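Just below is one structure, and these are the notes that go with it.
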Amino acid sequence: MKKVQMLYEGKAKKVYTTDNEDLYIVSYKDDATAFNGEKKGTIAGKGVINNRVSNHLFKMLAENGVPNHFVEEISANETVVKKVSIVPLEVIVRNIAAGSFSKRFGVEEGRVLSCPTLEFSYKNDDLGDPMINEYHIKALDLATDEEIKQISDMAFKVNELLKDYFLKIGIRLVDFKLEFGKCKEGIILADEISPDTCRFWDKDTNEKLDKDRFRRDLGHVEDAYKEILRRLLGE
Ligand code: ADP
Ligand code: UDP
């Protein structure tokens, strides 16, 4: 499998067409952005770590019945994925209050939520990814009722699988963002699951092991990413 043409360069990855019309290659970058692109930087080794971490988790999810885009890791920072048409939603699942949830609702970070919650943002950088509800999604033809139900069910299933998986390696899964896409198989999980897209707190110390270290200038950013890789893959 080889790259034919770069289709898109995003904030964290490049997407390439391949000689197979159903497959793309994604290439993970060390670039990091936060606050809708206002804060920019690089995190040494992030591209390799996120590629490895994401692929490891996508394989685990596939084995547990969550259809997803992962096909094959072809280098330290590149992976073949199924081409999908991305549903323009950021699907956010939360177990513990943090970030924008804490700010919006005035609750302290770290409060364990009484049930896992789900929210959607409209994936649109120009608008700053505004929060959107199910009526808006339907009214704007971003997804149908049935698709919203499928996406929500899959997101909660992913949460249960990831929560248990991370707890076994001493990590509390605080919240995370998923993206879904449409292909011949129907709706499948796409994009990435990594310290860029999740909040991970150490179970015993609550130390942050994710992109919040970059967003909030907490230092030891690279170490946090490495620690996640080490706990997941022993590398
Ligand atoms: P952003 O677009 O937010 O800057 P990235 O730098 O991660 O994000 O770019 C990757 C892009 O590829 C995203 O727009 C994502 O929605 C898209 N994408 C992820 N997986 C797939 C896939 N399997 N098929 C098509 N597009 C995908
Ligand atoms: N998230 C993401 N991409 C985004 C927005 C959020 O991956 O564009 C992830 C983020 O890493 C966190 C979760 O989604 O794990 C919830 O983020 P939140 O809404 O609290 O936003 P933030 O505080 O990061 O602005």
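Model, not experiment: these values are computed from the prediction. Atoms within a ligand are numbered from 1 in the order they appear, just like the ligands themselves.
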Can you report which non-hydrogen protein atom sits closest to atom 18 (P) of ligand 2, along with the distance?
S100 OG, 3.3 Å

Donor-acceptor pair, distance only, cut-off 3.5 Å: does the side chain of D30 make one with the backbone of T42?
no

Evaluate the 4.0 Å heavy atom contact test for atom 7 (O) of ligand 2: does a protein atom fall under the cut-off?
yes

How does K103 reach ligand 2, if at all, at less than 4.0 Å between non-hydrogen atoms: by side chain, backbone, both, or neither?
neither

Do the side chains of K83 and E21 get close enough for a salt bridge, i.e. N-O under 4.0 angstrom?
no

Pair D31 + K11, salt bridge at N-O below 4.0 Å
no

Do any N or O atoms from the side chain of K211 and from the backbone of T33 form a donor-acceptor pair under 3.5 angstrom?
yes

Which residue owns the protein heavy atom closest to atom 1 (N) of ligand 2, what's the atom, and how far is it?
K177 CB, 3.7 Å

K182 side chain near V84 side chain, heavy-atom distance below 4.5 Å
no

Look at D210 together with R199 and state whether they make a salt bridge at an N to O cut-off of under 4.0 Å.
no

Does a salt bridge link K2 with D19, judged by any charged N lying under 4.0 Å from a carboxylate O?
yes

Can you sort out which atoms of ligand 2 are near G99, meaning under 4.0 Å from one of its heavy atoms?
20 (O), 23 (O)

Of all the heavy atoms in K123, does at least one lie under 4.0 Å from an atom in ligand 1?
yes

Between R216 and E109, is the closest basic N to carboxylate O distance under 4.0 Å?
yes

Check this for me: does any side-chain nitrogen of one of E227 and R230 sit under 4.0 Å from a carboxylate oxygen of the other?
yes

Among non-hydrogen protein atoms, atom 24 (N) of ligand 1 lies closest to V84 N, 3.2 Å

Contact (N/O only, under 3.5 Å) between A12 and ligand 1:
yes

shortest atom 12 (O) of ligand 1-to-protein heavy-atom contact is with V15 CG2, 3.5 Å

Heavy atom of the protein closest to atom 10 (C) of ligand 1 (residue, atom name, distance):
K13 CE, 3.9 Å

Heavy-atom nearest neighbour in the protein, as seen from atom 23 (O) of ligand 2, with distance rounded to 0.1 Å:
R199 NH2, 2.9 Å

Are F180 and L89 connected, step by step, through hydrophobic side chains (Ile, Leu, Val, Met, Phe, Trp, Tyr) whose heavy atoms are closer than 4.5 Å?
yes

At a non-hydrogen distance cut-off of under 4.0 Å, which region of D196 contacts ligand 2 (side chain, backbone, both, or neither)?
backbone

Heavy-atom contact check, 4.0 Å cutoff: does K211 meet ligand 2?
no

Could you tell me whether some N/O pair between V81 and ligand 1 is separated by less than 3.5 angstrom?
no

Protein residue, atom and distance nearest to atom 18 (N) of ligand 1, heavy-atom basis:
I86 CD1, 3.7 Å

Please check this pair: side chain of N55 against backbone of N51, looking for a donor-acceptor N/O pair closer than 3.5 Å.
yes

What protein heavy atom sits nearest atom 13 (C) of ligand 2, and how far off is it?
D175 OD1, 3.5 Å

Under a 4.0 Å N-O cut-off, is there an ion pair linking K168 with D164?
no

If you measure from CG on L232 to CZ on F200, what distance do you get to the nearest 0.5 Å?
7.0 Å

As an exercise, identify every atom of ligand 2 less than 4.0 angstrom from a heavy atom of C198.
11 (O), 15 (O)

Pair R94, S102: side-chain N/O donor-acceptor within cut-off below 3.5 Å
no

Nearest to atom 20 (N) of ligand 1, what protein heavy atom do you find, and at what distance?
D191 N, 3.2 Å

Tell me, which protein residue and heavy-atom name are nearest atom 4 (C) of ligand 2, and how many Å apart are they?
E90 OE1, 3.3 Å

Looking only at distances, can you tell me whether any N or O atom of K83, backbone or side chain, sits closer than 3.5 Å to an N or O atom of ligand 1?
no

Of the listed options (K11, E179, E9), which comes nearest to atom 8 (O) of ligand 1 when hydrogens are ignored and any heavy atom counts?
K11

Closest by any non-hydrogen atom to atom 9 (O) of ligand 1: pick that one out of Y28, Y8, F70, Y24.
Y8

R215 heavy atoms within 4.0 Å reach ligand 2 at atoms 10 (C), 11 (O), 24 (O)

